[in-house]
There are 2 protein chains.
Amino acid sequence: MSTRSRSAHPVVGITEVARHAGVSPGTVSNVLNRPERVAEATRLRVEAAIAELDYVRNSSGSSLRSGRSASVGLLVLDVTNPFFTEVARGVEDEAAASGLAVVLLNSAEARERQRRNVRLLAEQRAAGAVVMPVDDDLSDLLWLSRQGTSWVALDRGDVAEDVGCSVSVDNHAGGMAAGRHLIGLGHESVTFLTGPFAIEQVRRRHEGLRAAFEESGMDPDTAVRVIEQPLLNPAQGERAVDTILAGGPRQRPRAVFCANDQLALGVMKGLGQRGLRVPDDMSVVGYDNVDLADLVHPGLTTVAQPKYELGRAAMRLLDSELNGAGHVHERVLFTPELVVRGSTAAYRS
Amino acid sequence: MSTRSRSAHPVVGITEVARHAGVSPGTVSNVLNRPERVAEATRLRVEAAIAELDYVRNSSGSSLRSGRSASVGLLVLDVTNPFFTEVARGVEDEAAASGLAVVLLNSAEARERQRRNVRLLAEQRAAGAVVMPVDDDLSDLLWLSRQGTSWVALDRGDVAEDVGCSVSVDNHAGGMAAGRHLIGLGHESVTFLTGPFAIEQVRRRHEGLRAAFEESGMDPDTAVRVIEQPLLNPAQGERAVDTILAGGPRQRPRAVFCANDQLALGVMKGLGQRGLRVPDDMSVVGYDNVDLADLVHPGLTTVAQPKYELGRAAMRLLDSELNGAGHVHERVLFTPELVVRGSTAAYRS
DNA sequence: GAAGGTTATTGACACGTTTCAATCCGGGTG
DNA sequence: CACCCGGATTGAAACGTGTCAATAACCTTC
């Protein structure tokens, strides 16, 4: 209250500008939204009035009238994960280019929060959303569509094309690349350290890994051992080391493939604490190619995803859905790339 | 277009709900906003209608009418920096508790983008904002106040209290803690690797560092050498290593204090590549205590900031400013804490 | 110079909500 | 029984914008 009354000018609207420029409100609106329809001379006059009165458009008014707001939601699983922040940058850059504001919402990997956030987007009549769904249940998103807010699924290649757009990276190919790399180094078995299999991405990475062993004539059932953790963070990776090493030094695996760089970094730390050396005693492969994968020593061999590009592509797709007259849902698939650093080495008995 | 027409119900408003419940629109509004003012029986009837029609409130309407929207902006310097994402979590959690939506905006450390984003907040008639200003020029923020959007400055203890609230961490104390730690280990000189001195935080850390040497009877002018880099990221740290080592092995410094963990991690990598060992050949101290400070080997000794709490406190302050009748600007100052890990060791000649 | 055509501008209404003075109703009081 | 009081509800008036049919102004052409 005190803040408002302290303000210099008591809030000026389009009508005030119109009066000041000797023109009708409709014309001012046109200057703002379709400048080409208004004559040069009047346009300049209006712009002068806008500048002089320090007019700032009220987006509530326009979204109310037009039924949609000029902002898009970005629903991420975890704001803390560097993977998402990189994606966010891509989305933001592209959105800024289209004049859209980005509302960042964090589901914190929890259904309930996702539902709340989706509802919020509906209340804001958001133009669209880029969403990383928290699990396989897409009902929240279908509801959102019915409310008139379209969306693009991120990193979920499994959404049907009649339901919505999606942008993702080929997780099967990524898992396979990691597997082939290790096999090429002479490894004949690997431990796959992962988050919950409820997450589609990790399932696909696992399948890719198995496929790599299969194509080399090995039996994936015996070659690939799986350790499932509830979350994909460093602490979980560190904790999992004991499980990895259980069975004693004789049966100790010589290679770990982690579903995530965060897990992998945790594992490397845990191994170090127990006196094991990477890559001499154990090869470690991660997934994502987070910035710090290059900062640890040894550098982490990992499957790189085009994070920034992923965000850009998603936003571009959304934009085309918003403007395009005859839009059909599309599925964009990026291919990941293996980045070899120091954390993997040839198998030695 | 196509998307909209596909929707099941053609958008239902408060009036439709009112009709369906046999009540006036005003009453529905009351059920939504001040349920205590409406009789139990009618309230239930209205709630039933809301559920049956799957009504979802249109926030454009309410912000238009009330003049303010129920969202707050979070203006960060760099979405990519883990320090900010941690802060963002704090802000988000606290905002959710107050029923406020958070709009995340990224200035990318650029004046122009900050200005654009501030303007966006004004257009949205945002209730408030939590801001990390890009530099010392606060004119954008003053303008924002004039537009009726109040804000809290984050990590900028130098904003005057008659201008706005601020939440920050005592950078002088942080720099001092780092200095004392190194001095305690027998170091008699240190290289301070930093970003631009235009940033208030790094200036204060520098002063704190010097103060530590001064209190031990050493001359800060000779004990503290400064290397200034344009940005605070790992790549810059890595690049700076050559400058640090210039002068040959004889004059090589034995301790580096970095204004930022990102820089420090870059330095550690650079040192490793040149065959120098941390902490034996060089002690390294960082600032922030980012998650990965604990993941690298050796662990990074660093000055920890209560990031999450910082975000929470800022949002709480903002909230009190929004609701509080007689609000006076406040300045909250947290104290940082040194976390000792393996990257620092006693001086040996 | 009149008819027709093009371009620029206008005016009024609608969007969904909140607010507030006015009204209604039921019950207690004098 | 008249009166009043309090709580519950109503109705209408904004809030600032976009839209669109209608009008005005101007230019071209015969």
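These figures come from a predicted structure and were not determined experimentally. So you know, we letter chains A, B, ... as the sequences are listed, proteins then strands, and number each from 1.
- Nucleotides of DNA chain C lying under 4.0 Å from heavy atoms of chain B occupy a range whose first and last members, 5' to 3', are C:dG16 to C:dT19.
- Nucleic acid contact class of B:S59 (heavy atoms, under 4.0 Å, all strands): none.
- In this structure, A:S62 reaches the sugar-phosphate backbone alone: every heavy-atom distance under 4.0 Å involves primed, P, OP1 or OP2 atoms, never a base.
- Residue B:E36 is the one, among B:E36 and A:L32, whose nearest nucleotide of DNA chain D lies closer to the 5' end (criterion: closest heavy atom).
- Between B:Q147 and B:L121 there is no side-chain heavy-atom pair separated by less than 4.5 Å.
- Ion pairing of B:D93 with A:R113 is present here, as a side-chain N (NZ or NE/NH1/NH2) and a carboxylate O approach within less than 4.0 Å.
- Projected onto DNA chain D by closest heavy-atom contact, B:P25 and A:G26 fall at different nucleotides, the more 5' of which corresponds to B:P25.
- Among the heavy atoms of the strands, none lies under 4.0 Å from A:S63.
- Residue B:V23 places its side chain closer to D:dT10 than to any other of D:dT10, D:dG18, D:dC15.
- Between A:D137 and A:R111, at least one side-chain nitrogen of the basic residue sits less than 4.0 Å from a carboxylate oxygen of the acidic one, meeting the salt-bridge criterion.
- Note on B:R43: nothing from the nucleic acid sits closer than 4.0 angstrom, heavy atoms only.
- In this structure, CZ on B:R37 lies 15.5 Å from CZ on B:R43, to the nearest 0.5 angstrom.
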